[in-house]
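Given the structure is predicted, the values throughout are model-derived calculations rather than measurements.
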Amino acid sequence: MKPVLSLENIKKTYTEDGVTCNTLSGVSFDVFQSEILCIMGPSGCGKSTLLRIIEKLDSEYNGSVCKHQIKDGKSPKNAMIFQEHALFPWLTVFDNIIYGLRLKAEDVSEDEAVSRVNSLLSITRLDKFSDSYPRQLSGGMKQRVSVARALAIRPDILLMDEPFSALDPFTRRELQDEILRIRTEMDMTIVLVTHNPEEAVYLADRVIMLSERPSSVSKIIQVCLPYPRNPADPGFLAVREEISGMVRKQNTENSV
Amino acid sequence: MAPIQNYRIRECLKGFAIIILLLASWEAAALIIQNNYILPQLSAIFDVLIHPFEPVLGGDSLISDTYVSLAEVMSGFLCAAALAIPVGLLIGWSKEVRSYLNPVIQILRPVPPIAWMPFAIAWFGIGSNSILFIIMVGAFFPILINTTDGVNSVRRQWIDVSRMLHATQFEIIKTVVVPGALPGIWTGLRVSFGVAWMCVVAAEMLPGASAGLGFIIMYAYNLGQLQVIGAGVIIIGLIGLCADMIFRMGQKRFFAWQGSE
């Protein structure tokens, strides 16, 4: 498999109130094309920070993030979905989704942008809410809008920071299925941060476990189950138990 | 009728009851005192109010004085906004600019605008230019402070989203910071219009003014025509109320998204 993204020895320290804190102490891994990679680890281990570093929202770190050329020699394009939907409340659903396409960075004509947004509205089943404002939507719908907004710029790599953690289980499953569908349809690579073992096993090709702070990669788990996965399946349960066990172990070590 | 409407009407009636009570006490006191130089009767005040187009005390009409004051407020207010909004955005956006400007702002802000009047007269001469300057000083700070607060209330995540989609610095300001700060700016405009309205009346009361509601009030005082003062005060109050209501309606209409997160 071809890596699209390589992280090499990422180190990050930050200073708060004069105390220097070591969050990431040399994290290295590859992200392969078209895979779903889940990043898990105890809270505060710097999972979200890793995504922000990949997305270039955080530039104060050591080490290197290397993007590899993909088809026709282009460098892969990222987009990110945040834990809180972070929609612009003064814009309609339509205007939120088209936002990125109207920036100078995306060289897209208005007609092309509008047709892309319209197709995303139907993919995310938001057609009827095109002119609604975020405040008029449910939590699940808001997160769908933010998925559509990220997809609008046609990213090759989609970074997701606990995107479904604020949703009820039913809506969460619905959106997870949607992500799986979109991944196949658009041939995307997804890096997802989650603290939910079931979510990781439901979605991921591989799960990367980070150790507690200062964190590094403690284990990489291949999830060799066919899609669509059934959370009641014994194979599924076994992997989930394995991951839960590791999370539990880290949490106890944490509290000792 | 819907219960909610009933409730609103009842709330309104409570307010009106107090106004009527106050007016009745005024009228009763006026009838007892029987002295137009201390407390004019309401009928005398309303007599002035219901003839807004007739010359008052041999000068201009109430309407034309109101127009003069409003025109002064509008121009001073707009100049202040044109200056304070960009500066406020800059201070809110850049820590560097804030470090430079904050101390001078904090020193100047508590100074009552009218305190600048002698300087204003020295620099701009007697008359409307000085009044304009006072209004600008008064209107400037509320807009500035609220614009800065508005920028600071822009959520970090909105800016992250914008950066994630590769917006330039200018695009971030244009598409996220300004719209996000707009409710704050609007609050600043509302507060500052109120301040400007107080400033114009106060400034017109000072020597050198020759028209305006403040002028007519002072002029009427010198002639002992207290019913004109009463009429002037009522007009000032009503216009202030109207302006505030318009701004509040605008807030509901344009910024319904605020606090909906």
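- Defined by atom type and a distance below 3.5 Å, a donor-acceptor pair is missing between the side-chain atoms of A:E35 and A:T189.
- Donor-acceptor pairing under 3.5 Å is recorded for the side chains of A:E199 and A:T194.
- Within the 4.5 angstrom heavy-atom criterion, atoms from both the backbone and the side chain of A:R149 approach chain B.
- Interface remark: A:F82 contributes side-chain atoms only to the contact with chain B (heavy atom separation under 4.5 Å).
- Only the side chain of A:E84 comes within less than 4.5 Å of a heavy atom in chain B; its backbone stays farther off.
- The parts of A:L57 that come within reach of chain B are both its backbone and its side chain, each placing non-hydrogen atoms under 4.5 angstrom from that chain.
- The residue among B:R156, B:R163, B:H166, B:M164 with the most heavy atom pairs within less than 4.5 Å of chain A is B:M164.
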Apply salt bridge (Lys or Arg N to Asp or Glu O under 4.0 Å) to the pair A:E106 and A:K77, showing each step before the final yes or no. CA-CA 11 Å; A:E106 291 298 316; A:K77 185 152 70 172; 3.1 Å; yes
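- Centroid-to-centroid, the aromatic rings of B:W186 and B:F247 come within less than 6.0 Å.
- For the pair B:R10 and B:Y7, the cation does not sit on the ring face, since its NZ or CZ is not both under 6.0 Å from the ring centre and inside 45° of the axis.
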